[in-house]
> 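Got a structure for you, questions after.
Just follow the structure's listing: the first ligand is 1, and inside any ligand the first atom is 1.
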Amino acid sequence: MLKIGVMASGRGSNFQSIIDSIKSGYLKATIELLITDNPDAYAIQRAKDNSIEFLVMKPSDFSSKDAYYSRVAEEFKKRSVELVVLAGFMRVVKKPLIEAYPMRIMNIHPALLPSFPGLHGQKQALDYGVKISGCTVHFVDEGVDTGPIIIQAAVPVYHDDTEDSLSERILRQEHRIFPYAIKLFSEGRLKVEGRRVIIDAPRSELDLIINPPIGN
Ligand code: GAR
C-alpha cells in the first residue's frame, strides 16, 4: 500500500477527496501524515476527524526555507512516506524536499498549465478571457508550477462566470483528477520521460478524465 504524506494550507477539500478515495477503496493507500503551515487550516479538522496524524510547521519558525523543507522531508521520511501530495499548499517547495522526493511530489493547480501559474489561477483565466480552463496535476520541480504534467481536466469558462463560480466548476474536477493521478502512481502506471509523463491507461479512460461532461 502506498504511503502518502500531505501538505495543505487551508480548507483541504482536495485532502478530503483523497481521504474519501481511500475510504471507498478506489485508492489503495494510507495517509501517514498531514503537514500544514497554517494553524487555522480547516485541513487540520479533517485530519482529526479521520485519525490522521498532523503537524503544524510554520516556515517563520525556522532559520531558513531550506531548514524548513529539510525538516519537512525528515518528518515524511521518518514515517516511510513514498509520495508527497500538495493539496492546496500555498508555498513554493524548496530543494531539500524536492531532492528527498524526486518525481515523488504531486501538486494540483487550478488552471491548465503552463497557462496561469502561481496564485489565483482561476481569476487569471477569467481576466484573460479564455473560454476553456481547468486543472492540472503535475510533479513538482524547483520552478513555480513547471514540473512534468501528469493529467489535466478541462472545463468551459462562461461569460457570466465569477471567480467563485469558475473556481467551483474547476474544484469539482480537481476532486476527480487528483485521486486518479495518485492511483496511477500507486499502480506504477506513470513513467516520466524528460518533461513528458507517459500514462499506462486506455484512451477511453483518459478521455473521460480530461474532457468530462460538465453539468452546469
Ligand atoms: C485548490 O483550488 C487548489 O487547486 C489551489 O488551492 C485550492 C485549495 O483548495 N491550489 C493552488 O492554487 C496552488 N497554487 P482546498 O484547500 O479545498 O483543496
Side-chain angles (χ1 to χ4, degrees), residues 4-23 27 31 33-50 52 54-57 59 65 69 72 83-94 97-98 105-128 130 132-155 157 161-182 209-210 212 214 216:
I4 297 174
V6 176
M7 299 190 82
S9 300
R11 177 179 57 185
S13 72
N14 277 290
F15 177 38
Q16 187 70 51
S17 78
I18 297 163
I19 294 170
D20 293 344
S21 301
I22 291 173
K23 278 189 177 165
L27 257 183
I31 302 175
L33 178 66
L34 165 74
I35 294 181
T36 180
D37 57 341
N38 172 12
D40 299 321
Y42 189 68
I44 293 173
Q45 188 60 45
R46 299 183 195 273
K48 288 180 180 167
D49 290 346
N50 292 280
I52 294 168
F54 67 92
L55 292 174
V56 179
M57 288 172 59
K65 283 188 177 153
Y69 287 103
V72 166
L83 178 72
V84 175
V85 168
L86 306 183
F89 184 65
M90 296 304 185
R91 292 176 190 273
V92 179
V93 167
K94 300 292 180 197
L97 182 58
I98 294 166
I105 307 171
M106 280 186 192
N107 181 46
I108 181 103
H109 182 75
L112 293 178
L113 294 172
S115 292
F116 316 127
L119 293 177
H120 310 296
Q122 306 96 327
K123 180 164 190 308
Q124 291 184 56
L126 264 185
D127 290 350
Y128 196 93
V130 293
I132 299 176
S133 192
C135 45
T136 303
V137 179
H138 63 94
F139 285 118
V140 172
D141 65 10
E142 282 177 48
V144 178
D145 301 324
T146 53
I149 290 171
I150 299 165
I151 194 91
Q152 299 182 297
V155 309
V157 181
D161 264 326
T162 61
E163 190 181 348
D164 279 352
S165 65
L166 178 59
S167 297
E168 197 191 309
R169 192 175 306 120
I170 292 173
L171 193 65
R172 237 173 285 137
Q173 300 310 316
E174 294 184 35
H175 295 162
R176 296 174 63 234
I177 71 171
F178 215 1
Y180 180 66
I182 297 168
I209 292 283
I210 292 168
I214 302 289
N216 74 324

> Any side-chain heavy atom of Leu171 sitting closer than 4.5 Å to one from Glu174?
yes
> Does the side chain of Ile177 come within less than 4.5 Å of Ile108's, by heavy atoms?
yes
> Could you tell me which residues satisfy side chain to side chain donor-acceptor pair (under 3.5 Å) with Gln45, sequence neighbours excluded, listed by chain and number?
Asp49
> Tell me every residue that passes ring-ring contact (aromatic ring centres under 6.0 Å, His included) with Phe178, counting only those two or more places apart in sequence or in another chain.
none
> Need the list: ligand 1 N/O atoms against protein N/O atoms, distance under 3.5 Å, rounded to one decimal.
unit_1	atom_1	unit_2	atom_2	d
ligand 1	2 (O)	Glu174	OE1	3.2
ligand 1	2 (O)	Glu174	OE2	2.9
ligand 1	4 (O)	Glu174	OE1	2.8
ligand 1	4 (O)	Glu174	OE2	3.3
ligand 1	9 (O)	Arg11	NH2	3.1
ligand 1	16 (O)	Gly12	N	2.7
ligand 1	17 (O)	Arg11	NE	2.6
ligand 1	17 (O)	Arg11	NH2	3.1
ligand 1	17 (O)	Ser13	N	2.7
ligand 1	17 (O)	Ser13	OG	2.6
ligand 1	18 (O)	Ser13	N	3.4
ligand 1	18 (O)	Asn14	N	2.9
ligand 1	18 (O)	Asn14	ND2	2.9

> Please collect all salt bridge (charged side-chain N to carboxylate O under 4.0 Å, His left out) contacts where either partner lies in residues 36-46, sequence neighbours excluded, each pair once.
Asp37-Arg91
> Could you tell me if the side chain of Lys123 sits less than 4.5 Å from the side chain of Phe116, heavy atoms only?
no
